[in-house]
**Student:** 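Let me begin by handing over the structure; questions about it come next.
Chain identifiers are assigned alphabetically (A, B, ...) following the order of the sequence lines, protein sequences preceding nucleic acid strands; residue numbering begins at 1 within each chain. The analysis underlying the following values was restricted to heavy atoms, covering all of them including side chains, and did not include hydrogens, waters or symmetry mates. Model, not experiment: these values are computed from the prediction.
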Amino acid sequence: MAPKNSKVSRNPNLIPGIGKYSRSQMYHKKGLWAIKAKNGGQFPHHEKKAKPETTSEKPPNFYPADDVKKPLVNKRKPKPTKLRTSITPGTVLIILTGRFKGKRVVFLKQLPSGLLLITGPFKINGVPLRRVNQSYVIATSTKVDISGVDVNKLDDKYFGKKAEKKKKKGEGEFFEAEKEDKNVLPQEKKDDQKLVDASLIQSIEAVPDLKAYLAARFSLKSGMKPHELVF
Amino acid sequence: MPFKRYVEIGRVALVNYGKEYGRLVVIVDVIDQNRALVDAPDMVRTQMNFKRLSLTDIKIDIKRIPKKKTLIQAMQEADVQGKWEKSSWGRKLIVQKKRASLNDFDRFKLMLAKIKRGGLIRQELVKLKKESAS
């Protein structure tokens, strides 16, 4: 028989603490008479498992003066932020903050941290593969066909800051060593960008004017009321 | 100077306030100095204050408080919907609704179309100017 998930009590509460059935009625309901009969008139009795011998504990040599409270156990596992229903893979989003504000951009997927993975595509409007917070984005109702794009290898670790190597401070080399590490984008990231954008650009060019749309920035003009606009 | 649109049975009016805002209704009876009984094919017959109604030019031929079926038939015969959509008032409202429902992408396409149209007009203008100058 399939195991029952919830343990429902056979003795419904009339009032919390007072059950409907008496002790002897419950004896019959739980079938304890059948268990006894099966075991030859006696209730089945199992010998206690012998506990392994533990060495006697030493009394502690330090008792703290005040009772220190132990923090309560926290089993909460953070989930990625709830994605707005208007944002689905392939939606065109309008970024509102940062250096790409006003740019119209294609949404690829939501990363486990909750941030949205977007791409310009880079060739069209200069926005690379990037993470963006849902709160700083307007979702339009325009969708791009995103079926040919593979974004499985992109996750939060890909975008994280690289751990800096520790530099030894030598007296004479101080000023020269500063100029060493310029932030060059590694070639593999450029290749990833090209890979993701290739099929995207094809599906974008299939729709008339969509390329020019993504290349243009969004701005509020005179007479536009954001609360009345349909995006 | 004299009035042209009268409150009468069969006068089609536009609701300009309240829950039924924007609906075309027909006045089927006058209750008192301020109120009329109005009806529309997809609405329960209700009373409305005249202040909530804007009279149109359209009038249909019905008797006082017709049955729903009769009303619908009369509206079809007079082609109220068609006349409304052809009238300049009706066309304006349709354009307003369309503009309000435009997507961000649609607004972009509209902008491109306007620029294109302006360019064509300017070309024609230049041509005409040259012709008139020569």
Side-chain angles (χ1 to χ4, degrees), chain A residues 84-96 100-107 118 120-121 124-125 127 132 136-146 200-201 203-231, chain B residues 13-25 40-43 48-49 51-54 56 81-82 84-127:
Chain A
R84 269 182 266 163
T85 45
S86 53
I87 302 179
T88 63
T91 314
V92 173
L93 307 173
I94 300 175
I95 301 182
L96 297 172
F100 297 113
K101 53 176 146 317
K103 292 268 191 196
R104 296 172 171 118
V105 131
V106 180
F107 168 68
I118 55 160
I124 296 182
N125 55 18
V127 180
V132 119
Y136 303 112
V137 133
I138 296 181
T140 66
S141 46
T142 318
K143 312 260 185 236
V144 175
D145 181 19
I146 213 175
L200 248 188
I201 292 183
S203 40
I204 288 173
E205 290 183 341
V207 182
D209 291 334
L210 189 58
K211 196 162 174 208
Y213 175 63
L214 290 176
R217 280 209 206 220
F218 170 83
S219 67
L220 278 182
K221 313 273 193 327
S222 176
M224 286 172 116
K225 299 172 197 157
H227 69 293
E228 285 179 0
L229 289 180
V230 167
F231 281 100
Chain B
L14 185 71
V15 179
N16 60 25
Y17 182 90
K19 204 177 102 182
E20 307 287 339
Y21 181 85
R23 204 195 268 269
L24 271 184
V25 291
D42 55 344
M43 187 179 95
M48 262 194 195
N49 194 314
K51 293 185 178 179
R52 290 198 178 194
L53 298 172
S54 300
T56 68
Q81 198 60 32
W84 176 244
E85 283 167 10
K86 278 194 227 119
S87 72
S88 60
W89 184 359
R91 277 183 288 138
K92 260 190 281 177
L93 284 194
I94 291 174
V95 168
Q96 276 177 17
K97 270 206 198 103
K98 188 73 172 86
R99 283 217 185 106
S101 73
L102 280 182
N103 198 344
D104 189 45
F105 187 27
D106 293 334
R107 263 174 267 133
F108 180 79
K109 286 189 272 188
L110 182 70
M111 174 191 73
L112 292 183
K114 278 189 176 172
I115 292 172
K116 197 165 184 186
R117 184 182 69 168
L120 290 174
I121 292 175
R122 210 168 298 123
Q123 273 182 349
E124 278 301 312
L125 185 64
V126 163
K127 254 194 264 175

**Student:** Given that the side chain runs from C-beta out, which part of A/I94 has a heavy atom under 4.5 Å from chain B: side chain, backbone, both or neither?
**Tutor:** side chain

**Student:** Write out, in numerical order, the residues from residues 84-93 of chain A with a heavy atom short of 4.5 Å from a heavy atom in chain B.
**Tutor:** none

**Student:** Answer with yes or no whether the side chains of B/N49 and B/Y17 bring together a donor and an acceptor at under 3.5 Å.
**Tutor:** no

**Student:** Can you check side-chain contact (heavy atoms from CB on, under 4.5 Å) on B/L93 and B/Q96, steps first, answer last?
**Tutor:** CA-CA 5 Å; B/L93 284 194; B/Q96 276 177 17; 3.7 Å; yes

**Student:** Compare every heavy atom of A/L220 with every heavy atom of A/P226, then report the nearest pair and how far apart it is.
**Tutor:** CG-CD1, 3.8 Å

**Student:** What residues of residues 109-119 of chain B sit under 4.5 Å from chain A when you count only heavy atoms?
**Tutor:** B/K109, B/L112

**Student:** To check you understand the geometry: which heavy-atom pair defines the closest contact between A/T142 and A/Y213, and what is its length?
**Tutor:** OG1-OH, 4.2 Å

**Student:** Just checking, B/R107 and A/F231: is the charged tip under 6.0 Å from the six-membered ring centre and within 45° of the axis?
**Tutor:** yes

**Student:** Heavy-atom cut-off 4.5 Å, strictly under: side chain, backbone, both or neither for A/T140 against chain B?
**Tutor:** side chain

**Student:** Heavy atoms only: give me the nearest A/I204-A/I124 pair and the separation to one decimal.
**Tutor:** CD1-CD1, 3.9 Å

**Student:** Is the backbone N or O of A/R104 less than 3.5 Å from a side-chain atom of A/N125, with the two atoms forming a donor-acceptor pair by type?
**Tutor:** yes

**Student:** When you look at NZ of A/K143, are more than 12 heavy atoms from neighbouring residues, nucleotides or ligands closer to it than 6.0 Å?
**Tutor:** yes

**Student:** Do the non-hydrogen side-chain atoms of B/M43 and B/V25 ever get within less than 4.5 Å of each other?
**Tutor:** yes

**Student:** Can you name the closest pair of heavy atoms from B/M48 and B/V15 and give their distance?
**Tutor:** CE-CG2, 3.6 Å

